[in-house]
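Reckoned from all heavy atoms, side chains included, excluding hydrogens, waters and symmetry mates. We name chains A, B, ... by the order of the sequence lines, and we start the count at 1 in each one.
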Amino acid sequence: MKKFKRYLVTAALPYANGPVHIGHLAGVYVPADIYVRYLRSKGEDVIYICGSDEHGVPITIKARQEGVSPQDIVDRYHKIIKKAFADFGISFDIYSRTTSKTHYETASEFFKTLYNKGEFIENTTNQYYDNEAGQFLADRYITGTCPHCGNASAYGDQCENCGTSLSATDLINPKSTISGSEPILKETKHWFLPLDKHEEFLKNWILKEHKNWKTNVYGQCKSWLDQGLQPRAVSRDLDWGIPVPVKGAEGKVLYVWFDAPIGYISATKDLTADWEKYWKDKETKMVHFIGKDNIVFHCIVFPAMLKAEGSFILPDNVPANEFLNLEGDKISTSRNWAVWLHEYLEDFPGKEDVLRYVLCANAPETKDNDFTWKDFQARNNNELVAILGNFVNRAMVLTHKYFNGKVPEITSLNEYDKNAIVEIATIKEAIENSLENYRFREALKYAIDLARLGNKYLADTEPWILIKTDENRVKTILNISLQITANLATIMEPFLPHTSKKLEEFLNFQALKWDATGHADLLETGHILNKPSLLFEKIEDEEIEKQLLKLAKTKEQNNPKSINANPQKELISYEDFSKLDIRVGTILEAEKVPKTKKLMKLLIDTGIDKRTVVSGIAEFFEPEKIIGKQVSILVNLEPRKLKGIESQGMILMAENADGKLTFVWPAENIENGAEIK
RNA sequence: GGCGAGGUAGCUCAGCUGGUUAGAGCGCAUGAUUCAUAAUCAUGAGGUCGAGGGUUCAAGUCCCUCUCUCGCUACCA
């Protein structure tokens, strides 16, 4: 393995429109923190960079909803996030933010460099523009009627009623949410980064030179590269963000995905004047810790940016994790389905390391994983309390009892003692090997094995019996037990820093550098120990039930039955209604449209004729089972081609909040062609 | 539908380039033990390795088909 002079470790910038939750922690911040603490302990030159990602449309939306400025929003969450990380013990060297002055300058510079090098292409497109407000509208700022479900308040990028993703120009009767006026289409110029230009380079760099990346990361990249890369817009018409620093770009800002990763660079600048050493020297090893949703940006887009700029190094590895679920369901900020870090810290004071432990032991390294409170409790009680805490307590209590808290001498070592000592070194090496390869859960398991070793050593040597007959032998046994404890203090530090601190206090000793561990001579004979307290305490059922109850309440609130029906749409005249020609028809034929998930091709006898209708119902119905059924069909809707099939009308369906569809059909059989009015 | 990742003991996961009776932790059962937060230590039960084919002397491990879960993507009049 190549030896590097220094390390630059980045953790994904949390988006400042909400607090951080256990999913973020397990996927990114805890593993990155373990990695960095380990490197520091090894004496490596390492910096750990993070900060809030504060630009982008969602933040402006939230600000508008609350009637405050975007700056107010990001100030609020930046503070909460930063404090929660600090309280939790995530040891960033700097936690910066993308609204900082340094970042504005850095991102602008970066853009200008690429611009001057001719690395962008310019493209003019039509976008919705609000004449009254005098600005272009992001998709999210436009509402209108969803062409799919008729929901009158669909957004320009997505209809929240039916979940369809839309493009703003699809909306019927578009309206600006800023002024309420009808937006007009207007030409606007934007800059694009031609990723396709870097495709060959990226293919070679990732597919050939980085076969050692995690399979999920490598596979995802390969998928993108095989599909072929497209130019990506780097600017947007928006008033929140970093102004595009060229003439004729008034009212345009850098697209948030472009400025966010540059945040790593600007944060480094804020940390040290020596920042270029970390970003431009080939002897620096750069590692990005991210979640799987960020793979494309960090493995393809950002490297393409850095490559285009020319003077930067590229990441050596991007150990992306999968997602963490909570009690079987996907974590969701908007549905409040999460364990929020700042709330956890309030509910479980002093138990930072318990969460670190559980999230690392159950980290979604190779596939999505599930966090359950029952597992949280079990890991605390059966592993932290019973194995680690208990061993430390045994060694300490026995030493106080028999030797007044003084580290006894080693009188002589037998084979069994020697084996135990060798085992300490073996475990340490195993942990190193796991950490170097980003296998954090495995590393943690080995770390706990050290405490297991201690428990077994005590159980096998039985000092509480020998003390009656052979005090010298007991001296050796407790010396070794305490040496294991001292090793734990150092080896556990990357994983459980607060626990490591406590162990230092118990032992009245300063944890050593990593390379000094793995031996049985960390504590000197005669060294005086402090009185220990409990390292971990049991978590009782009541506390777990409290958390489960909290989640149950959230679930109740999210229950479709308690979600209010959409408000009534605006009034229409009878004349408007009578324009719709809805008939009863019978399904004569039905077949799935190949290569689609939702589309079904239907032949309908409308009484007027027999016609083809394509409908998005294939997820809920099997073709054979609906043939012969009578349905309601809107027959005078203008035809439209779907997957090459002309659809002549629309089947009326009722849809609930979960998106489940059901047919609307006559209560009793009636002739085809009967009018519905 | 396309692409990617995954489906191994009740639960959470290891199993590298195919090679003797498929592993670990938790949980469970039994025994030992009492220094310790009834903690610990030992032993054991428990798996047709998603399903079905194929290659091979030999497959959890390679190939094909199917199926389920998650993600990206197309589609939803």
Using a cut-off of 4.0 Å between protein heavy atoms and nucleotide atoms, how would you tag nucleotides 24-37 of chain B 5' to 3' with B, S and -?
SSSS------SBBB

Readout for nucleotides 4-11 of chain B: B = base within 4.0 Å of protein heavy atom, S = sugar-phosphate only, - = neither; 5' to 3' it is SSS-----

Expressed as a whole number of Å, how far does the [atom1] atom of [N] sit from that of [M]?
N: B/rC49; M: B/rG25; atom1: P; answer: 22 Å
N: B/rG54; M: B/rG18; atom1: C1'; answer: 15 Å
N: B/rG2; M: B/rA45; atom1: C1'; answer: 46 Å
N: B/rC64; M: B/rG10; atom1: C1'; answer: 33 Å
N: B/rA5; M: B/rC41; atom1: P; answer: 39 Å
N: B/rU61; M: B/rA14; atom1: C1'; answer: 14 Å
N: B/rG53; M: B/rC16; atom1: P; answer: 24 Å
N: B/rC72; M: B/rU20; atom1: P; answer: 40 Å

Check the distance between [N]'s [atom2] and [X]'s [atom1] and give it to me in whole angstrom.
X: A/Asp329; N: B/rC70; atom1: CG; atom2: P; answer: 11 Å
X: A/Met396; N: B/rA39; atom1: CE; atom2: C1'; answer: 18 Å
X: A/Asn381; N: B/rA39; atom1: CG; atom2: C1'; answer: 11 Å

Pick out which of A/Thr476, A/Asn479, A/Asn472 makes a side-chain hydrogen bond (donor to acceptor under 3.5 Å, both in side chains) with A/Thr411.
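Of all the options given, the one that passes is A/Thr476.
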
NA contact type, A/Val613, heavy-atom cut-off 4.0 Å: base, sugar-phosphate, or nothing?
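It contacts nothing in the nucleic acid.
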
Parallel, tilted or perpendicular: which describes the rings of A/Phe302 and A/His288, with under 30° parallel and over 60° perpendicular?
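A/Phe302 vs A/His288 ring planes: tilted.
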
Does either side chain, that of [X] or that of [Y], offer a donor lying less than 3.5 Å from an acceptor on the other one?
X: A/Asp353; Y: A/Thr499; answer: yes
X: A/Asp417; Y: A/Tyr457; answer: yes
X: A/Asn487; Y: A/Gln483; answer: no
X: A/Asn530; Y: A/Glu505; answer: no

Step through it carefully: locate the ring centre of A/Phe371, locate the ring centre of A/Trp337, and say whether they are under 6.0 Å apart.
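Centroid distance A/Phe371-A/Trp337: not below 6.0 Å, so no.
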
Does A/Lys292 make a cation-pi contact with A/Phe323 (under 6.0 Å, within 45 degrees of the axis)?
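Flagged: A/Lys292 positioned over aromatic ring of A/Phe323.
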
Please tabulate, one pair per line, each protein N/O and nucleotide N/O from nucleotides 67-69 of chain B that are separated by under 3.5 Å, including the distance.
none

Residues in salt bridge (charged side-chain N to carboxylate O under 4.0 Å, His left out) contact with [X], at least two apart in sequence or another chain:
X: A/Arg441; answer: none
X: A/Asp609; answer: A/Arg611
X: A/Asp196; answer: none

Taking Watson-Crick and G-U wobble pairs with both distances under 3.5 Å, convert RNA chain B into its dot-bracket string, 5' to 3', dots for unpaired and | for cross-strand pairs.
(((((((..((((.....[...)))).(((((.......))))).....(((((..]....))))))))))))....

If you look only at distance, which donor and acceptor atoms sit under 3.5 Å apart when one is on a side chain in residues 463-470 of chain A and the other is two or more places apart or in another chain?
from, atom 1, to, atom 2, distance (Å)
A/Thr469, OG1, A/Leu466, O, 3.3
A/Asp470, OD1, A/Arg473, N, 3.2

Nearest-nucleotide wise, let me know which of A/Ala386 and A/Lys330 is further upstream toward the 5' end of RNA chain B.
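Going by which nucleotide is closer to the 5' end, it is A/Ala386.
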
Excluding sequence neighbours, so at least two apart, what forms side chain to side chain donor-acceptor pair (under 3.5 Å) with A/Trp205?
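Side chain to side chain donor-acceptor pair (under 3.5 Å) check on A/Trp205 returns A/His210.
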
Taking A/Lys428 first and then A/Glu432, would you say they form a salt bridge - that is, a charged N and a carboxylate O separated by under 4.0 Å?
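Yes.
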
Under 3.5 Å, which donor-acceptor pairs do the side chains of residues 374-381 of chain A form with other protein atoms, sequence neighbours left out?
from, atom 1, to, atom 2, distance (Å)
A/Asp375, OD2, A/Arg379, NE, 3.4
A/Gln377, NE2, A/Ile539, O, 3.1
A/Gln377, NE2, A/Asp541, OD1, 2.7
A/Arg379, NH1, A/Glu383, OE1, 3.4
A/Arg379, NH1, A/Glu383, OE2, 3.4
A/Asn380, ND2, A/Glu537, O, 3.0
A/Asn381, OD1, A/Ile539, N, 2.9
A/Asn381, ND2, A/Ile539, O, 3.1

Close N or O pairs between protein and nucleotides 15-17 of chain B (under 3.5 Å):
none

What residue pairs, at least two apart or across chains, pass salt bridge (Lys or Arg N to Asp or Glu O under 4.0 Å) with a residue in residues 203-221 of chain A?
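Passing the test, one end in residues 203-221 of chain A: A/Glu199-A/Lys203.
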
